[in-house]
Amino acid sequence: MNLPTESDQPDPRLAELRAGLTGVRTRIRTAAEGAGRDPADLTLVVVTKTYPADDVRRLAGLGVREVGESRDQEAAPKADALADLGLRWHFVGRLQSNKARHVARYADVVHSLDRDSLVRPLSAGATAAGRTLECLLQVSLDDDPSRGGVAAGGLAGLADAVAAAEGLVLRGVMAVAPLGADPDAAFARLADLADGLRGAHPGATWVSAGMSGDLEAAVRHGATHLRVGSAVLGNRPRP
Ligand SMILES: *Cc1c(COP(=O)(O)O)cnc(C)c1O
């Protein structure tokens, strides 16, 4: 792939991405200041799903180091094609058990570990590749199983299983605010669950919460990782 260099034609897509990224970085800084938090404690993960590898390369040129994807079939070839960039790949989507072993070969962080049956294949994939995989437990903040996430009552047991697994490091929790819910209430609940988890696992300090529409609420409630797609890259076509 060749991206235009400075001596070539202007690259309008690069200008779009730069504007999107600047807007999101400004929102994060403003939200952090409003919450009395240090913006340096917040990691922006740019979710590039459905957008081409060329866009990820442009983003890397704009200083993005952490990128998120949600489907193995799309993420694996992108991670391969962009291996020269040294990016950190975050897997944020629903994880199928039969894909988990494969995801562990290229992902640095999995945000969507939500059931015991994923622990063994993730551990096997990471160990076989000689890698360590940082893991966040996705928690369900409502009772809708179709959106993924372990129920609050299952969190402690799942955490113990991940902490005991070779090749996996338990980093914390992740959630998506339920559709139509008040994001402040949802993320306050997540903060409570994260607090409880740290009682048994003091190293589980990451809270992945907040997307394009609700990142300010997530910052107010202690998020450490923000997963932002459309506000940087534009609206995805509906599936
Ligand atoms: C797509 C996706 C995001 C990013 O969503 P935007 O609304 O585009 O910012 C974040 N988290 C998960 C789990 C996603 O699937």
Strictly below 4.0 Å, N to O, side chains only: are [X] and [Y] in salt-bridge contact?
{"X": "Asp54", "Y": "Lys78", "answer": "no"}
{"X": "Asp114", "Y": "Arg94", "answer": "yes"}
{"X": "Lys49", "Y": "Glu74", "answer": "no"}

When you group the ILVMFWY residues by side-chain heavy-atom contacts below 4.5 Å and let the links chain together, are [Y] and [X] in the same group?
{"X": "Val162", "Y": "Val150", "answer": "yes"}
{"X": "Leu168", "Y": "Leu95", "answer": "yes"}
{"X": "Leu226", "Y": "Leu141", "answer": "no"}
{"X": "Val56", "Y": "Val24", "answer": "yes"}
{"X": "Leu44", "Y": "Val64", "answer": "yes"}

Counting C-beta onward and ignoring hydrogens, is there a side-chain heavy-atom pair between [X] and [Y] closer than 4.5 Å?
{"X": "Leu87", "Y": "Glu66", "result": "no"}
{"X": "Leu193", "Y": "Leu155", "result": "yes"}
{"X": "Leu137", "Y": "Met174", "result": "no"}
{"X": "His111", "Y": "Val109", "result": "yes"}
{"X": "Leu113", "Y": "Gln138", "result": "no"}
{"X": "Val173", "Y": "Leu190", "result": "yes"}
{"X": "Leu170", "Y": "Leu136", "result": "no"}
{"X": "Arg115", "Y": "Leu158", "result": "no"}

Any chance you could measure [X], atom [atom1], to [Y], atom [atom2], to the nearest 0.5 Å?
{"X": "Asp214", "Y": "Arg220", "atom1": "CG", "atom2": "CZ", "result": "10.0 Å"}
{"X": "Glu134", "Y": "His225", "atom1": "CD", "atom2": "NE2", "result": "8.0 Å"}
{"X": "Arg171", "Y": "Leu133", "atom1": "CZ", "atom2": "CG", "result": "10.5 Å"}
{"X": "Arg18", "Y": "Asp11", "atom1": "CZ", "atom2": "CG", "result": "9.0 Å"}
{"X": "Tyr51", "Y": "Arg58", "atom1": "OH", "atom2": "CZ", "result": "12.5 Å"}

### Query
If you count the non-hydrogen atoms of other residues, nucleotides and ligands that lie under 6.0 Å from CZ in Arg25, is the total more than 12?
yes

### Query
Is a side-chain donor or acceptor of Arg131 paired with a backbone partner of Ala107 at a separation under 3.5 angstrom?
yes

### Query
Any donor and acceptor pair, going by atom type alone, linking the side chain of Thr224 with main-chain N or O of Trp206 inside 3.5 Å?
no

Donor-acceptor list for residues 116-130 side chains, cut-off 3.5 Å, not counting sequence neighbours:
residue: Ser123; atom: OG; partner: Glu166; partner atom: O; Å: 2.6
residue: Thr127; atom: OG1; partner: Ser123; partner atom: O; Å: 2.6

### Query
Between His90 and Asp108, does any side-chain donor sit less than 3.5 Å from a side-chain acceptor?
no

Ignoring hydrogens, what is the shortest heavy-atom contact between [X] and [Y]? Give both atom names and the distance.
{"X": "Arg189", "Y": "Ala152", "answer": "NH2-CB, 3.5 Å"}
{"X": "Pro178", "Y": "Asp142", "answer": "CB-OD2, 3.3 Å"}
{"X": "Trp89", "Y": "Ala79", "answer": "CZ2-CA, 3.5 Å"}
{"X": "Val228", "Y": "Val232", "answer": "CG1-CG2, 4.2 Å"}
{"X": "Asp72", "Y": "Phe91", "answer": "N-CE1, 3.6 Å"}
{"X": "Ser70", "Y": "Val92", "answer": "CB-CG2, 4.2 Å"}

### Task
Please step through side chain to side chain contact (heavy atoms under 4.5 Å, CB included) for the pair Val207 and Phe187, ending with a clear verdict.
CA-CA 10 Å; Val207 178; Phe187 295 141; over 6 Å; no

### Qualifying side-chain hydrogen bond (donor to acceptor under 3.5 Å, both in side chains) pairs with a residue from residues 34-48, counting only residues at least two apart or across chains
Thr48-Glu69

### Task
Quick one: do Arg227 and Ser208 satisfy side-chain hydrogen bond (donor to acceptor under 3.5 Å, both in side chains)? Show the steps, please.
CA-CA 7 Å; Arg227 310 177 310 272; Ser208 168; 2.8 Å; yes

### Task
Please step through side chain to side chain contact (heavy atoms under 4.5 Å, CB included) for the pair Asp55 and Leu17, ending with a clear verdict.
CA-CA 8 Å; Asp55 276 356; Leu17 293 175; 3.9 Å; yes

### Audit row: Arg27, Val219, side chain to side chain contact (heavy atoms under 4.5 Å, CB included) steps and yes/no
CA-CA 10 Å; Arg27 280 176 64 190; Val219 170; over 6 Å; no

### Task
For side chain to side chain contact (heavy atoms under 4.5 Å, CB included), just list the numbers for Leu233 and Val46, CA-CA rounded to whole Å, side-chain angles, deciding distance to a tenth of an Å, and then say yes or no.
CA-CA 9 Å; Leu233 289 120; Val46 180; 3.7 Å; yes

